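Shown next, in structure tokens, is the structure this report addresses.
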There are 2 protein chains.
Amino acid sequence: MNSAPDSSIETILERMRAGGGRITKKRIRIVQVLMQFEHPASADEIRQKAELPETDLVTVYRNLEALQGIGVIQRIPLENGTQLFELTAPGEHYHHLICRECHQAERLDLCIGKEVLGRAKAHGYSQITHVMEVYGVCKDCDSDS
Amino acid sequence: MNSAPDSSIETILERMRAGGGRITKKRIRIVQVLMQFEHPASADEIRQKAELPETDLVTVYRNLEALQGIGVIQRIPLENGTQLFELTAPGEHYHHLICRECHQAERLDLCIGKEVLGRAKAHGYSQITHVMEVYGVCKDCDSDS
DNA sequence: TTAACTAATGAAAGTAGATTGCATTAGAGG
DNA sequence: CCTCTAATGCAATCTACTTTCATTAGTTAA
């Protein structure tokens with residue numbers, strides 16, 4: 001059993017290696033940081049948490065792109081045009097409830113993938129993906145104001 | 001009958017006036033352009049179509065913000081961080097099927113507002129909104145490649 | 001009409017997030 | 001250990017959008 005790929009750090013790094021990628025200290029650290037985060041995080045948050053004396057933002061972005069390429073992270077485009085990144089189980093993807101004030105994001109157990117896929121195909125589209133994010137003001141931020 | 005606010009240009013301009021806004025030529029033209037567009041459009045597309053010898057992009061952005069303020073347009077955040085704008089019937093909002101190649105967007109008759117609202121409230125959130133967009137490659141672009 | 005008030009506009013500069021070019025560094029295979 | 005080239009860091013660039021401020025032009029009242 002367990003024939004599905006898992007998302008342990010070894011598996012992820014092995015997948016990068018298989019694609020011709022190298023296993024560098026920064027890369028390992030960035031994957032570790034992604035695994036530690038409970039919430040989707042921005043490239044800069046990831047860079048700060050990595051604290052390998054210093055990692056350039058550009059390196060974070062390039063690694064995030066590589067990780068997206070092998071399908072282990074997803075990008076979450078926000079209302080304001082920025083993006084967050086989150087490790088996902090293979091073949092999965094998540095939606096979020098995001099506070100408009102403090103930008104905390106929690107995972108929402110809700111997906112409309114099937115309906116969406118059917119509709120999109122009916123319109124003649126291929127390679128379908130979808131983005132869905134819910135915005136609001138969380139309890140804490142609401143009581144502050 | 002017809003007690004709901006309509007979205008004719010006169011009504012929209014009247015609503016702006018009511019909020020202390022002025023009715024300028026550029027503003028009228030921008031609203032007209034929005035009404036002509038069948039697809040959600042970028043600020044720059046709107047500016048180009050306005051062709052009042054020249055309208056500064058900044059003016060387009062400011063008007064779009066004002067229009068959003070009175071609830072007659074919605075912003076559509078894209079995967080790549082940019083945004084499109086679309087006139088919406090009062091109290092309505094739409095989702096789209098967007099081609100990743102040519103960026104054409106068509107309206108999708110599908111909304112998950114109710115489920116989303118329930119979930120978000122259960123998490124203690126208020127002032128809930130949601131974003132949902134579906135991406136794919138349209139027939140035309142698919143055959144090109 | 002005209003005068004006066006102030007919202008709207010445009011030009012230019014600024015900002016934030018993300019990307020690109022290029023020289024340097026450092027994994028990985030032989 | 002040597003070589004090859006992917007990965008990195010720095011600086012410059014880009015894009016979409018925002019801010020500042022002087023000027024223009026709706027609007028209201030005289």
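Remember, predicted model here, so these are calculated numbers, not experimental data. Throughout, protein chains are lettered first and strands after them, A, B, ... in sequence-line order, and every chain is numbered starting at 1.
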query = Once you round it to whole Å, what is the distance between P of dG9(D) and CG of Leu57(A)?
reply = 11 Å
ask   = Taking atom C1' of dA26(C) as reference, at what distance in whole Å does atom CZ of Arg62(A) sit?
value = 15 Å
query = Does Asn80(A) have a side-chain nitrogen or oxygen under 4.0 Å from the phosphate oxygens OP1 or OP2 of dC17(D)?
reply = no
Exam field: side chain Arg75(A) to backbone Leu84(A), donor-acceptor pair closer than 3.5 Å = no
Protein-nucleotides 23-26 of chain D N/O pairs under 3.5 Å:
unit_1: dG26(D); atom_1: N2; unit_2: Arg22(B); atom_2: NH2; d: 2.9
unit_1: dG26(D); atom_1: N3; unit_2: Arg22(B); atom_2: NH1; d: 3.3

query = More than 12 non-hydrogen atoms from neighbouring residues, nucleotides or ligands closer than 6.0 Å to CD on Glu65(B), yes or no?
reply = no
Identify all pairs in which a protein N or O lies below 3.5 Å from an N or O of nucleotides 14-16 of chain C, and state each distance.
none

message = For a quick check under 3.5 Å, do Tyr125(A) and Glu106(B) share a side-chain donor-acceptor pair by atom type?
response = yes
task = Check whether any side-chain N or O of Tyr61(B) sits under 4.0 Å from OP1 or OP2 of dC17(D), and answer yes or no.
result = yes
task = Calculate the interatomic distance between Gln68(A) atom CD and dA18(C) atom C1'; express it in whole Å.
result = 14 Å
ask   = Once you round it to whole Å, what is the distance between P of dA28(C) and CE of Met16(A)?
value = 12 Å
task = Assess the pair His130(A) and His95(A): is the distance between their ring centroids shorter than 6.0 Å?
result = yes
task = Look at the side-chain N and O atoms of Lys26(A) and state whether any lies under 4.0 Å from the OP1 or OP2 oxygen of dA26(C).
result = no
key: Pair Glu86(A)-His39(A), side-chain donor/acceptor within less than 3.5 Å   = no
ask   = When you match Gln83(A) and Gly21(A) each to their closest nucleotide on DNA chain C, which lands nearer the 5' end?
value = Gln83(A)
task = Have a look at Asn63(A) and say if it touches a base, only the backbone sugar-phosphate, or nothing, with a 4.0 Å heavy-atom cut-off.
result = sugar-phosphate
message = Quick test of your reading of the model: are Asp44(A) and Arg47(A) salt-bridged, counting only N-O distances below 4.0 Å?
response = yes
